[in-house]
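First up is the structure itself, then whatever we jot down about it.
Keep in mind that what you see is a predicted model, and the values were worked out from it rather than measured.
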There are 2 protein chains.
Amino acid sequence: MRGLHADTGYLLYRLGLRSGQLFNTFLQESGLRLRHYAVLRYLAGSEGALQRELSAQLGYDPSAIVGLVDDLEKLGMTERRPSPDDRRSKTVVLTDTGRSFLRGTDEAGRRVTNDLLAPLDPAERDTLQALLLRIADQP
Amino acid sequence: MRGLHADTGYLLYRLGLRSGQLFNTFLQESGLRLRHYAVLRYLAGSEGALQRELSAQLGYDPSAIVGLVDDLEKLGMTERRPSPDDRRSKTVVLTDTGRSFLRGTDEAGRRVTNDLLAPLDPAERDTLQALLLRIADQP
DNA sequence: GAGCAATAATTGGTGACGTCAATAGTTGTT
DNA sequence: AACAACTATTGACGTCACCAATTATTGCTC
């Protein structure tokens, strides 16, 4: 038990880096990165989201959202639609292209998490997931 | 249970970012960053380490180690000593200044992890720590 | 209902960071 | 003696988090 490895906070930091790397290498061939993937999967569960909603929910800076949605739009995976009740904001929606991309990579994404959590059995994975969720739901 | 938040791999990624941020803000006043702190704490437990050992153990690129050790040296917290058996490598050791800095920040570091894990009771923290260690010890 | 603070998207800049390629000096091997 | 492998180092490139400023629009307030 030596050095920083004994520290849970530091462990989280290191494993977060590794997890991000794994996701990015798996996404590499598609030309997207983890951040794009996060946006797509959020949209898949919400049927349209304002950019500021994406920023708040995913934790990315508003200025970062602009670039991400630009990229996705160029690939035809999302569309910006004017918000009916507020002309300042735009609603980002998934296109059919985006939806079918998600279906195609769904299983590959699960494989990434599987690799990462390989040493844990199903019950332990549930435990870990529950603990992490509790931490994540903090202000 | 919507979007990527249901995915343990993604949760790890997000919490890793948050953990790193917390560490960095706590270290801000000292002029160091998390990476420097990691080097210091590794050295505290090893009584001298080759730079390539730091690179391998902490997971930073060898070229990143150079800059980190440069910074620490400028602050008088570490020293580079020629390795007796191999003139290619250098041994990095903690100075008294570095050691006393670690003592001073020891408790502040624990507070960071405490904040992060606030929603968990001691037994749950142990569980989390054990699970993360098992994942971290993967090849 | 006119003026003004707050908000949504956007642009631009800065510093930290991961990654890779290349180099000089040194070691071990054959 | 020649050559492959290794250590520390430098430099370059793209990504990313963070912050400030701008434009268009909305809601509040007096």
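- Qualifying side chain to side chain donor-acceptor pair (under 3.5 Å) partners for A/Arg134, counting only residues two or more places apart in sequence or in other chains: B/Glu124.
- Contact check, B/Arg33 against C/dC17: a side-chain N or O comes under 4.0 Å of OP1 or OP2.
- Between A/Arg87 and C/dA8, a side-chain N or O to OP1/OP2 separation shorter than 4.0 Å is absent.
- Separating the OH atom of A/Tyr60 from the P atom of C/dT10 is a distance of 18 Å, rounded to the nearest angstrom.
- With sequence neighbours excluded, no residue forms a salt bridge (Lys or Arg N to Asp or Glu O under 4.0 Å) with B/Arg87.
- Figure legend: A/Arg14 and B/Tyr60 shown as a cation-pi pair, the cationic atom lying under 6.0 angstrom from the six-membered ring centre and within 45 degrees of its axis.
- For A/Leu32 and D/dG14, the CG to P distance is 18 Å, given to the nearest whole Å.
- Within residues 61-86 of chain B, the residues that have a heavy atom under 4.0 Å from DNA chain D are, in order of number, B/Pro62, B/Ser63, B/Val66, B/Arg80.
- The side chain of B/Lys90 approaches D/dA8 more closely than any other nucleotide in the set D/dA8, C/dT19, C/dA9.
- Using a 4.0 Å cut-off between charged nitrogen and carboxylate oxygen, B/Asp7 and A/Arg110 do not count as a salt-bridge pair.
- Under the side chain to side chain donor-acceptor pair (under 3.5 Å) criterion, A/Asn24 pairs with no residue, sequence neighbours left out.
- Taking only side-chain nitrogens and oxygens, B/Arg88 never comes nearer than 4.0 Å to OP1 or OP2 of C/dA24.
- Under the ring pair (Phe, Tyr, Trp, His ring centres under 6.0 Å) criterion, B/Phe101 pairs with no residue, sequence neighbours left out.
- Rounded to a whole Å, the CZ atom of B/Arg14 is 12 Å from the P atom of D/dC16.
- Between the CD atom of A/Gln28 and the P atom of D/dT15 there is a distance of 11 Å, rounded to whole Å.
- Comparing A/Arg52 and A/Gln21 along DNA chain C, the residue whose closest nucleotide (by nearest heavy atom) sits nearer the 5' end is A/Arg52.
- Mapped onto DNA chain C by nearest heavy atom, A/Leu17 and A/Gln51 fall at different nucleotides, with A/Gln51 at the one closer to the 5' end.
- Put simply, CG on B/Asn24 is 16 Å from P on C/dG15, counting in whole angstrom units.
- Within the structure, salt bridge (Lys or Arg N to Asp or Glu O under 4.0 Å) pairs that include any residue of residues 54-71 of chain A comprise A/Asp70-A/Arg80 (at least two apart or interchain).
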